[in-house]
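In what follows, a single structure is set out as structure tokens and then discussed.
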Amino acid sequence: MKPAIRRIAIDALIAIVVAAVVAVAIRVADEPGARPPDARAYAIGAVIGLLLVFRRRWPLLVLVGSVTALMIYYALEYPGIPPALPLAAALFSVAAAGRFTWALVVAGFFVVLELIMRYTLLGEGFFPALSATLEEGSLLAAVVLLAETIRTRRVRLAEAQQRLAVMRQERQHEVAQERLRIAREVHDVLGHTIAAISVQASLADDIFDSKPAEARAALRSIRGAARDAMHEVRSAIGMLRDAGEVPDLARVFAVAEQAGVKVRSGIAGTPRPIPPEVALSVYRIVQESITNTVKHAEASTVDVTIAYAGDAVTVEIVDDGVGSGASQRGHGVAGMRERATAAGGSLEAGPRPQGGGFRVAARLPVEVEETA
């Protein structure tokens, strides 16, 4: 059965039950001097039950209609019936719909009205009337509080489900970001390896006949570069998680040296463990910059400086290249800038205004641990 049809069936059943209970209450009611119940009295009870069919869609209107019908019943001087019987379901619906104050006010009104009627019209003593009224009021209060409790639990459940959905979306975003980071690592590793293989293959081709021994060494370097690339791909995720020093750049420098580009490296400040994403960003920026220098810059030297400041690590790569290499570095520079931005830093890159060559400078922030 579909949920909508099931709800309609439940409401119809509640309406029938309430109408039957009110009819029985009218039948057994006994009040001296009251008008005997007739068809109109039972019709009023049926109306009170029938209104409950619409309790989910218009709960407040259903309560108003039920109260009006009950007050008409009392005004026609039929035998008194406890208000909890005709009003409990309507009060429950109003409170469950979030109109707790309305339900409480209506319940309180009928409690006070019953106390007045018992004490003045029926001639009961104050304390007996109060005792009977409190019993009736306790039932109405229990109905209203039960509805409010169920509504609150539903709200909390909805909020929990919403938080769970947000957490799931955040997790999916984290997974997507992790995949993007891994893809970037694989791209950088393969790009550097292909550049190294290209340099060594060109060298081997140029000297194959004149210097076979050096050519064979170049071919061995190609094989080593391919092996190292596989190792770097496997360890890329581990490098993302392991905090420590900037990964060893010796192999990156060696490729440049073999291509005829002299590398001069230096460290400023005191090296210290830094967040893994920052260390890896430094490594990849230096690697990409040197790869671009070897491929495009026609440079003879490149200076690499890594500086440890109080709240940041800076890296600067400067070559003395000439020619049109600067215009061919666009994609590499964009990738380095994205990497620096992802680490919360910034990157500048472009031809040097004086002395020629190309300069890449990145600043990557690191958190400073406070000492007690």
Side-chain angles (χ1 to χ4, degrees), residues 163 165-192 232-253 263 265-293 302-319 326 329-353 358-372:
R163 287 195 298 269
V166 171
M167 291 175 61
R168 187 179 295 112
Q169 291 178 353
E170 291 177 349
R171 178 55 183 163
Q172 291 174 349
H173 178 70
E174 291 175 359
V175 170
Q177 290 297 108
E178 185 70 9
R179 289 175 178 173
L180 180 60
R181 293 172 69 187
I182 293 173
R184 185 183 292 119
E185 295 309 314
V186 174
H187 168 271
D188 291 345
V189 169
L190 294 181
H192 173 70
E232 284 200 50
V233 169
R234 287 193 297 266
S235 63
I237 298 177
M239 292 175 66
L240 287 171
R241 296 190 175 96
D242 296 334
E245 303 293 335
V246 176
D248 186 13
L249 291 164
R251 284 184 298 178
V252 178
F253 296 161
V263 179
S265 61
I267 295 178
T270 303
R272 65 180 187 275
I274 57 178
E277 64 273 13
V278 175
L280 190 57
S281 295
V282 171
Y283 178 82
R284 294 305 184 198
I285 289 171
V286 173
Q287 184 186 55
E288 181 67 23
S289 297
I290 291 182
T291 298
N292 286 340
T293 296
V302 58
D303 293 300
V304 178
T305 304
I306 299 175
Y308 292 84
D311 60 349
V313 174
T314 60
V315 56
E316 184 180 59
I317 306 96
V318 179
D319 64 49
R329 305 191 191 198
H331 295 296
V333 170
M336 289 188 290
R337 183 169 287 113
E338 289 178 2
R339 182 178 290 279
T341 302
S346 59
L347 182 137
E348 298 177 356
R352 292 195 297 171
F358 197 89
R359 176 179 177 269
V360 174
R363 183 183 185 279
L364 306 173
V366 295
E367 294 183 0
V368 180
E369 296 184 359
E370 297 182 358
T371 56

Q | D319 side chain near N292 side chain, heavy-atom distance below 4.5 Å | A | no
Q: Might you work through the side chain to side chain contact (heavy atoms under 4.5 Å, CB included) test for V282 and L249, ending with a clear yes or no?
A: CA-CA 10 Å; V282 171; L249 291 164; 5.7 Å; no
Q: Could you tell me which non-hydrogen atom of P365 sits nearest to which non-hydrogen atom of V278, and how far apart they are?
A: O-CG2, 3.8 Å
(Q) Run the side-chain contact (heavy atoms from CB on, under 4.5 Å) test against A307 and tell me which residues pass, sequence neighbours left out. (A) A268, T314
Q | Validation row: V366, Y308 side chains within 4.5 angstrom (heavy atoms) | A | no
Q. Which residues pass the side-chain contact (heavy atoms from CB on, under 4.5 Å) test with V263, sequence neighbours left out?
A. F253, A256, E257, V302, V304
Q. What residues, two or more places apart in sequence or in another chain, satisfy salt bridge (Lys or Arg N to Asp or Glu O under 4.0 Å) together with E348?
A. R359
**Q.** Spatial distance of atom OG (S289) from atom CD (E316) [nearest 0.5 Å]
**A.** 10.5 Å
Q: List in chain and number order the residues that pass salt bridge (Lys or Arg N to Asp or Glu O under 4.0 Å) with R337, two or more places apart in sequence or in another chain; answer none if no residue qualifies.
A: none
Q. If you take all heavy atoms of I285 and M336, which pair is closest and at what distance?
A. O-SD, 3.5 Å
(Q) Using 0.5 Å steps for rounding, measure from the CD1 atom of I317 to the CD1 atom of I306. (A) 8.0 Å
Q: Would you name the heavy atoms of L364 and A343 that are closest together and state the gap between them?
A: CD2-CB, 4.3 Å
